[in-house]
J.: 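Questions regarding the structure given below will be posed in turn.
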Amino acid sequence: MSTAAPHHHPDSPWLQVLDTQDIDQHALAQNGWALQYEQLSPGQFKGRIHRVQLPEVTLLREDTSIALRQRGRLHENVYGFAMALQDSPDLFFNGQRVPAHAIMCGKGDEVDLTTPPHFTLVALVVERSLLNPLWERMYQKPLAHWLEKQLVLTTTDIKAQVLRDVQLTVLDQASALANRQHDEQALRQLRDEILMEWLEALPSQVDTSDLPNLERRKKLVDRACELMLGHADEPLSILEVCSRVGTSRRKLNYCFQDVLGTTPIKYLRSLRLNSVRRALRQAAPGVTIQDIASHWGFWHLSQFAQDYKKLFGELPSETLQPKSNGLNAS
């Protein structure tokens with residue numbers, strides 16, 4: 001499979017349409033953003049990124065075939081607005097379950113998104129230098145303080161569908177403009193049209209009273225994950241994790257279900273298998289599957305191989321073989 005740079009022309013918006021077959025390459029393909037993906041459901045990964053860079057605004061459509069957790073950061077001087085193309089009960093943003101027709105938004109210095117299989121996300125990322133003065137002109141007040149957080153905001157089903165439709169239309173229109181001569185004013189009109197749609201879909205009042213509770217639950221889950229991964233070769237028992245983070249087993253399970261929609265044991269196992277997969281792909285000559293598996297706490301190799309194949313659709317020995325990089329530009 002060939003690899004090519006995204007379409008780019010000095011007088012056009014920056015256009016990127018990439019099909020990917022590896023979650024790490026998928027993350028790396030999103031230039032300028034520091035993201036890492038973990039595979040959470042069985043199957044071979046297939047993804048597509050459709051991204052257009054307009055003046056001070058990035059438009060995105062992302063399609064993924066399996067359940068994932070996506071973490072990292074965009075940039076500290078941008079704000080992101082995102083929405084699922086299909087509503088799902090298994091979508092979580094920054095530790096919050098995302099209901100139907102909801103907008104995920106916040107500052108781009110932190111991203112934490114858990115998505116279901118066969119998922120499509122549409123998003124807009126805007127630079128503060130554009131959003132701040134526009135917000136002040138529209139609402140006659142400074143940029144809302146809650147935009148510094150990561151929040152899930154409800155909107156009406158009608159506004160949500162209009163927003164989805166306009167986003168997909170503008171992506172197509174901007175992509176068409178990228179491949180021919182155009183005028184800068186047309187691009188700015190497209191940018192302003194879609195930015196206004198996102199802002200107008202936001203609720204007029206935002207309640208952040210439950211945010212401290214949400215943040216506490218998410219911090220507990222993040223701390224537990226750090227502890228569990230910090231003892232990869234000798235995984236801690238759940239009781240040991242509970243003791244170190246200072247919580248009960250029942251509360252830890254509740255927090256994991258609330259923040260990630262899964263149990264601590266199941267999530268940790270997925271993380272460790274993902275870590276094995278990365279290590280196999282980066283293995284130096286002479287390093288064996290057993291070396292890597294035991295480093296990540298898998299001592300029963302036959303059971304490990306079964307679990308590995310169930311999650312990734314291939315045996316560890318197949319991952320160890322040299323492959324193409326799983327990236328294709330169209």
J.: Side chain of Gln39, backbone of Leu311: donor and acceptor closer than 3.5 Å?
T.: yes
J.: Would you call Leu68 and Thr114 a side-chain contact if the rule is heavy atoms closer than 4.5 Å?
T.: no
J.: Contact between Phe312 and Gln44 at the side-chain level, heavy atoms closer than 4.5 Å - yes or no?
T.: no
J.: Can you name the nearest heavy-atom pair linking Pro264 to Phe256, along with the distance?
T.: CG-CD1, 3.6 Å
J.: Cut-off 3.5 Å, side chains only: do Thr58 and Gln53 have a donor facing an acceptor?
T.: yes
J.: For the residue pair Tyr37 / Thr64, report whether a side-chain donor-acceptor contact shorter than 3.5 Å exists.
T.: no
J.: Begin with the C-alpha distance, continue with both residues' side-chain angles, and end with the deciding distance and a verdict on side-chain contact (heavy atoms from CB on, under 4.5 Å) for Glu38 and Leu271.
T.: CA-CA 7 Å; Glu38 307 289 348; Leu271 279 188; 3.6 Å; yes
J.: Please lay out, stage by stage, how Leu163 and Glu200 fare under the test side-chain contact (heavy atoms from CB on, under 4.5 Å).
T.: CA-CA 9 Å; Leu163 184 52; Glu200 288 297 316; over 6 Å; no
J.: A side-chain contact here means heavy atoms from C-beta on lying under 4.5 Å apart; do Gln161 and Asp165 qualify?
T.: yes
J.: Using a strict cut-off of less than 4.0 Å between a Lys/Arg side-chain nitrogen and an Asp/Glu carboxylate oxygen, indicate whether Lys107 and Glu148 qualify as a salt bridge.
T.: yes
J.: Any side-chain donor-acceptor pair under 3.5 Å between Thr319 and Glu314?
T.: yes
J.: Which heavy atom of Phe304 sits nearest a heavy atom of Ala293, and at what distance?
T.: CE2-CB, 3.9 Å
J.: Look at the side chain of His75 and the backbone N and O of Asn77, then say whether any donor-acceptor pair between them is shorter than 3.5 Å.
T.: yes
J.: Would you give the length of the straight line joining atom CG of Asp19 to atom NE2 of His50, rounded to the nearest 0.5 angstrom?
T.: 11.5 Å
J.: To the nearest 0.5 angstrom, please state how far the CG atom of Asp109 sits from the CG atom of Leu74.
T.: 9.0 Å
J.: Answer yes when Glu110 and Lys149 have at least one side-chain N-carboxylate O distance shorter than 4.0 Å, and no when they do not.
T.: no
J.: Find out if a path of hydrophobic residues (ILVMFWY) with successive side-chain heavy-atom gaps under 4.5 Å connects Leu190 to Val17.
T.: yes
J.: Could you check whether Arg164 pairs with Asp87 (Lys NZ or Arg NE/NH1/NH2 to Asp/Glu carboxylate O, under 4.0 Å)?
T.: yes
J.: Locate the shortest heavy-atom distance separating Arg278 from Asp24; write the atom from each residue and the value.
T.: NE-OD1, 2.9 Å
J.: Which heavy-atom pair separates Leu252 from Cys242 by the least distance, and what is that distance?
T.: CD2-SG, 3.8 Å
J.: Under a 4.5 Å cut-off applied to non-hydrogen side-chain atoms, are Val125 and Val57 in contact?
T.: no
J.: Using a strict threshold of under 4.0 Å (side-chain N to carboxylate O), is an ion pair present between Lys218 and Asp258?
T.: no
J.: Rounded to the nearest 0.5 Å, how far apart are CD of Glu193 and CD of Glu197?
T.: 6.5 Å
J.: Working to the nearest 0.5 Å, report the span between CZ of Arg71 and CG of Asn94.
T.: 9.5 Å
J.: What is the minimum heavy-atom distance between Ala67 and Ser41, and which atoms define it?
T.: N-OG, 2.7 Å
J.: What I want to check is whether the side chains of Arg69 and Tyr267 have a donor and an acceptor closer together than 3.5 Å.
T.: yes
J.: Count I, L, V, M, F, W, Y as connected when their side-chain heavy atoms are under 4.5 Å apart, and connections chain through other members. Are Leu113 and Val152 then in the same cluster?
T.: yes
J.: Can you confirm whether the side chains of Asn253 and Gln257 place a donor and an acceptor under 3.5 Å from each other?
T.: no
J.: To the nearest 0.5 Å, tell me how far Ile238 CD1 sits from Ile265 CD1.
T.: 4.5 Å
J.: Surrounding CD of Glu240 (heavy atoms of other residues, nucleotides or ligands, distance under 6.0 Å), is the total greater than 12?
T.: yes
J.: Using modelled atom types and a 3.5 Å cut-off, is there a donor and acceptor pairing between side-chain atoms of Arg97 and backbone atoms of Phe92?
T.: no
J.: Hey, is the main chain of Ala201 close enough, under 3.5 Å, to the side chain of Thr155 for a donor-acceptor pair?
T.: yes
J.: Check this for me, if you would: do Glu226 and Arg244 make a salt bridge, where the nitrogen-to-carboxylate-oxygen distance has to be below 4.0 angstrom?
T.: no
J.: Checking Gln36 side chain against Ala27 main chain: does a donor-acceptor pair fall under 3.5 Å?
T.: no
J.: Check the hydrophobic clustering (I, L, V, M, F, W, Y; side-chain heavy atoms under 4.5 Å; chains of links allowed) and say if Val98 and Phe81 are grouped together.
T.: no
J.: Does one side chain, of Asp172 or Thr169, offer a donor that lies under 3.5 Å from an acceptor on the other?
T.: no
J.: So Leu168 and Leu85, do their side chains get closer than 4.5 Å, heavy atoms only?
T.: yes
J.: What are the two closest non-hydrogen atoms of Trp198 and Gln167, and how far apart are they?
T.: NE1-OE1, 3.0 Å
J.: Tell me which one of Arg250, Arg217, Lys219 satisfies side chain to side chain contact (heavy atoms under 4.5 Å, CB included) with Cys255.
T.: Arg217
J.: Once rounded to the nearest 0.5 Å, what's the spacing between atom NE2 of His26 and atom CG of Asp63?
T.: 8.5 Å
J.: Taking side-chain hydrogen bond (donor to acceptor under 3.5 Å, both in side chains) as the criterion, tell me which of Gln86, Glu62, Arg48 meets it with Thr120.
T.: Gln86
J.: Does some side-chain heavy atom of Arg191 sit less than 4.5 Å from a side-chain heavy atom of Leu130?
T.: yes
J.: I'd like to know if the side chain of Glu127 and the backbone of Leu131 have a donor-acceptor N/O pair within less than 3.5 Å.
T.: no
J.: Measuring only between side-chain heavy atoms, which start at C-beta, is Leu315 closer than 4.5 Å to Tyr308?
T.: no
J.: Which residue is it: Thr263, Asp307, Asn274, Thr262? I am looking for the one with a side-chain hydrogen bond (donor to acceptor under 3.5 Å, both in side chains) to Arg269.
T.: Asp307
J.: Can you hop from Phe93 to Val221 via hydrophobic side chains spaced under 4.5 Å?
T.: no
J.: Check whether any side-chain N or O of Ser243 sits under 3.5 Å from a backbone N or O of Leu239 as a donor-acceptor pair, and report yes or no.
T.: no
J.: Please say whether the positively charged group of Arg51, taken as NZ for Lys or CZ for Arg, lies over the ring of Trp33, i.e. under 6.0 angstrom from the six-membered ring centre and within 45 degrees of the axis.
T.: yes
J.: Do the non-hydrogen side-chain atoms of Pro203 and Val206 ever get within less than 4.5 Å of each other?
T.: yes
J.: Stepwise, does the side-chain contact (heavy atoms from CB on, under 4.5 Å) test hold for Leu153 with Trp146?
T.: CA-CA 11 Å; Leu153 305 177; Trp146 46 260; 3.6 Å; yes
J.: Is the backbone of Leu211 close enough, under 3.5 Å, to the side chain of Thr208 for a donor and an acceptor to pair up by distance?
T.: no
J.: Please answer: with hydrophobic residues joined when any side-chain heavy atoms are less than 4.5 Å apart, are Leu18 and Leu35 in the same cluster?
T.: no
J.: Evaluate the criterion side-chain contact (heavy atoms from CB on, under 4.5 Å) for residue pair Leu195 and Val126; output intermediate values, then yes/no.
T.: CA-CA 8 Å; Leu195 180 54; Val126 55; 4.3 Å; yes
J.: Does Tyr79 have Arg128 sitting over its ring (NZ/CZ under 6.0 Å from centre, angle to axis within 45°)?
T.: no
